[in-house]
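Just so you know, these numbers use all the heavy atoms, side chains as well, and skip hydrogens, waters and symmetry mates.
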Amino acid sequence: MRRRYGGGGGLTSSYAAPYAARMGNTVPGGGRSPFDPPIDQLVEMGGQAVDFAARFVEERYTAPNADMGDLEELLGLLGAFPPNSGRSFQDLLELVGQAAAKGFDPANPGFMAYIPGGGLYASALGDFLACVVNRYTGLARPAPALVQLEQSVLRWLCDLFGLPSSAQGLLTPGGSMSTFAALVAARGSRLGEHFLDGALYVSDEAHHSVAKAAKIAGFPADAVRVVPADEALRFDPEALGEAVRRDRAAGRRPFLVVASAGTINAGMVDPLDAVADVAERENLWLHVDAAYGGFFQLTDRGRAALRGIERADTVTLDPHKGLFLPYGTGCLLARDGATLRAAHDVAAHYLPDVTDGLPDFAAYGPELTRDFRGLRIWLPLHLHGTEAFRDALDEKLDLAYYLHQHLDALPELEVPWRPDLSLVAFRPRGGTDAECLRLLDRIHDSGRVWLSSAPIRGRVFLRACILSHRSRSERVEELAAIVQDAVSA
Ligand SMILES: *Cc1c(COP(=O)(O)O)cnc(C)c1O
């Protein structure tokens, strides 16, 4: 039923005339939103989506690791603009399925390229629920209980890394954004508003996200001081100390050192305690990039490897790697939450004050409105329990150890570094870079595993990073056999 529309004043004539011609004197719309179909249809669509998802998970174990062929027709289809009138959900789901099949498959148990994560089904359901309830969690007051849910995970992480009660965490879209927020906090805390003479230190094995963060934070390129790593590809604390003193003598202001807990190329852990000693002595902010390796802290061996991380001012974590979560889940921990807040908060007075001791996440990072990331991480942790994650990560350490042993025993291969965590880098002994890449092609021809390559010390290496929750003994043994066949082919 359309209600009568009284008065009619206020509309300008250019707007009102066509409106009146179309509607007469009625108010348009009413009833349920046209985007909320009846409940049985909602249930049906949900069922189709869950059906798709469950089947997708089931098929991972037999699916190929990559599908790089026959794109043209599909790209044409997917390039279409949205239609005037809608299409059936089932048809669209089918199209999504076809699109998802193309390219690399990071959800595959054979995916050991880059840094895998895998994606957890429980997280996907959590995201679905978070999107449906669509509560606003950028501030505490609009959704205090959901903010507490997210905060409980952050407090658990601060505790896991031995940070004091002044610490605060923040869920971010990924490691790069975490490192950016950390760098901005360090800059604000140590350099103030005029920072162009500031200098920050990384090893040449550090992830490029640090240089990127420095660039977008407004530093000139030569503010990023690259210290050559030692023979074992780890940060050399002595070289760091010398670089800092040299720069200081030349009038620069050293303010930050970024150490890695798991480097991207070879998976090495920097000597965090020794770097922390230099940071302390030279009054540098210590940031630890633990995007890849951080969650091994849950295991005894990982905790031993990461010793010293508890001395960091800020830590980058990537739950979408070491907690196997879907992409889009990064995390930053700050020893003193107030530094993070000081770097980002502009004291917007229209925002409500702190509620029940809960943080306003918007004041701790660049985002105001954001997705509710808490459920994506809280749900699997509470559903499976932390022991399941610890066991899975312990298993990855064992599997990397096994793979290293196996490959190292092959005379055709050079396997120079014993893995600190779960990454094994290797190349054909005495081979050229081109031969190394041809070996990668032969390995990929199997369809069962997917590795990546990286330049280390000026030479191309192949790397197998075991971090998907689905990469278990069968697939790693299969990888070992595939590599063995491929080197002798
Ligand atoms: C993945 C990774 C990053 C970047 O994190 P994103 O989540 O991809 O933004 C930074 N450092 C290391 C060591 C990484 O493994």
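Side chains of M177 and P366 form a contact here, defined as non-hydrogen atoms less than 4.5 Å apart. At least one side-chain heavy atom of W156 sits less than 4.5 Å from a side-chain heavy atom of L381. In this structure, F295 and L157 have side chains that are in contact, with non-hydrogen atoms separated by less than 4.5 Å. Contact of the V227 side chain with the E242 side chain is not registered, since no non-hydrogen atoms from C-beta on lie closer than 4.5 Å. V257 has its side chain out of reach of V278: every pair of non-hydrogen atoms, C-beta onward, lies at least 4.5 Å apart. Side-chain contact check for V57 versus R470: some heavy-atom pair is nearer than 4.5 Å. At a threshold of 4.5 Å between non-hydrogen side-chain atoms, the residues I456 and W417 count as touching. Taking the side chain as every heavy atom from C-beta outward, D398 and R301 approach each other to under 4.5 Å.
Note on ring orientation: taking the six-membered ring where Trp is involved, the planes of F296 and Y292 are perpendicular (angle over 60°, cut-offs 30° and 60°). The aromatic rings of H444 and W450 lie parallel to each other, with less than 30° between the two planes, well short of the 60° mark.
Annotation for P164 and R335: closest pair CD-NH1, 3.5 Å, computed over non-hydrogen atoms. When all heavy atoms of L423 and C465 are compared, the pair lying nearest together is CG-CB, 4.0 Å. Contact detail for R135 and P142: the closest heavy-atom pair is NH1-O, 4.4 Å. Nearest heavy atoms, F361 versus T137: CD1-O, 3.4 Å. In terms of heavy-atom proximity, D204 sits nearest to A229 at OD1-N, 2.9 Å. Residues G322 and L393 share a closest heavy-atom pair of O-CD2, 3.6 Å.
For the pair R370 and E150, the salt-bridge criterion is met [side-chain N within less than 4.0 Å of a carboxylate O]. R341 and D345 are joined by a salt bridge, as a carboxylate oxygen and a charged side-chain nitrogen come within less than 4.0 angstrom of each other. Checked for salt-bridge contact, R311 and D277 meet the test: a charged N lies under 4.0 Å from a carboxylate O. One finds a salt bridge joining R245 and E282 here, because a Lys/Arg side-chain nitrogen approaches an Asp/Glu carboxylate oxygen to under 4.0 Å.
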Verdict with supporting geometry, L160 and T386, side chain to side chain contact (heavy atoms under 4.5 Å, CB included):
CA-CA 11 Å; L160 179 66; T386 55; over 6 Å; no
Between E205 and F235, does a side chain to side chain contact (heavy atoms under 4.5 Å, CB included) hold up when you go through it step by step?
CA-CA 8 Å; E205 286 294 315; F235 217 133; over 6 Å; no
Pair Y402, V424 - check side chain to side chain contact (heavy atoms under 4.5 Å, CB included), show working.
CA-CA 10 Å; Y402 158 80; V424 182; over 6 Å; no
Could you walk me through whether K215 and K212 pass the side chain to side chain contact (heavy atoms under 4.5 Å, CB included) check?
CA-CA 5 Å; K215 179 177 175 163; K212 184 175 179 181; 5.6 Å; no
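Within 6.0 Å of the CZ atom in R418, the count of heavy atoms belonging to other residues, nucleotides or ligands does not exceed 12. Within a 6.0 Å radius of CD in E238, other residues, nucleotides and ligands contribute 12 heavy atoms or fewer.
In this structure, the side chain of S152 engages the main chain of L149 through a donor-acceptor pair within 3.5 Å. Using a distance-only test at 3.5 Å, with no hydrogens or angles considered, a donor-acceptor pair links the side chain of S422 to the main chain of I466. Listed for the R475 side chain is a donor-acceptor partner under 3.5 Å among the backbone atoms of R448. Under the 3.5 Å distance criterion, the side-chain polar atoms of D336 are matched with a main-chain donor or acceptor of A338. Without hydrogens or angle criteria, D236 side chain to A239 main chain gives a donor-acceptor distance under 3.5 Å. Remark: side-chain polar atoms of D247 are not paired, donor with acceptor, to backbone N or O of R252 under 3.5 angstrom. A donor-acceptor pair is defined here as one N or O able to donate and one able to accept, closer than 3.5 Å; no such pair exists between the side chain of D313 and the backbone of H287. Side chain of R373 to main chain of C331: no donor-acceptor pair is present (N/O by atom type, distance under 3.5 Å, no hydrogens or angles). Between the side chain of S468 and the backbone N or O of M112, no donor-acceptor pair lies under 3.5 Å. Between the side chain of D433 and the backbone N or O of R459 there is no donor-acceptor pair closer than 3.5 Å.
Distance OH/Y401 to CG/L421: 15.0 Å, rounded to 0.5 Å. In this structure, the separation between CD on Q148 and CG on L358 is 5.0 Å, given to the nearest 0.5 Å. The distance from the CG atom of L171 to the CD atom of Q151 is 9.5 Å, given to the nearest 0.5 Å. Taking CG of L462 as the start and CG of L437 as the end, the distance is 7.0 Å to the nearest 0.5 Å. Separating the CD atom in E412 from the CZ atom in R429 is a distance of 9.5 Å, to the nearest 0.5 Å. Distance check: D159 CG to S165 OG gives 11.0 Å after rounding to the nearest 0.5 Å.
Applying the side chain to side chain donor-acceptor pair (under 3.5 Å) criterion to E395, with sequence neighbours excluded, gives R472. For Q484, the side chain to side chain donor-acceptor pair (under 3.5 Å) criterion is met by H406, not counting sequence neighbours. Under the rule for a side chain to side chain donor-acceptor pair (under 3.5 Å), the partners of W378 that lie at least two apart in sequence or sit in another chain are H382. Evaluation of the ring pair (Phe, Tyr, Trp, His ring centres under 6.0 Å) rule for H384 yields no partner, not counting sequence neighbours. With sequence neighbours left out, F324 forms a ring pair (Phe, Tyr, Trp, His ring centres under 6.0 Å) with H469.
Screening D273, D270, D300 against R307 for a salt bridge (Lys or Arg N to Asp or Glu O under 4.0 Å) leaves a single residue, D273. Partner of F255 under the ring-ring contact (aromatic ring centres under 6.0 Å, His included) criterion, out of Y201, F219, F195: F219 alone.
A cation-pi contact, defined as under 6.0 Å to the ring centre and within 45° of the axis, links R427 to F461.
Each salt bridge (charged side-chain N to carboxylate O under 4.0 Å, His left out) pair with one or both residues in residues 104-119, not counting sequence neighbours, appears once here: R60-D105.
Between the side chains of S452 and R463, at least one donor N or O sits under 3.5 Å from an acceptor N or O.
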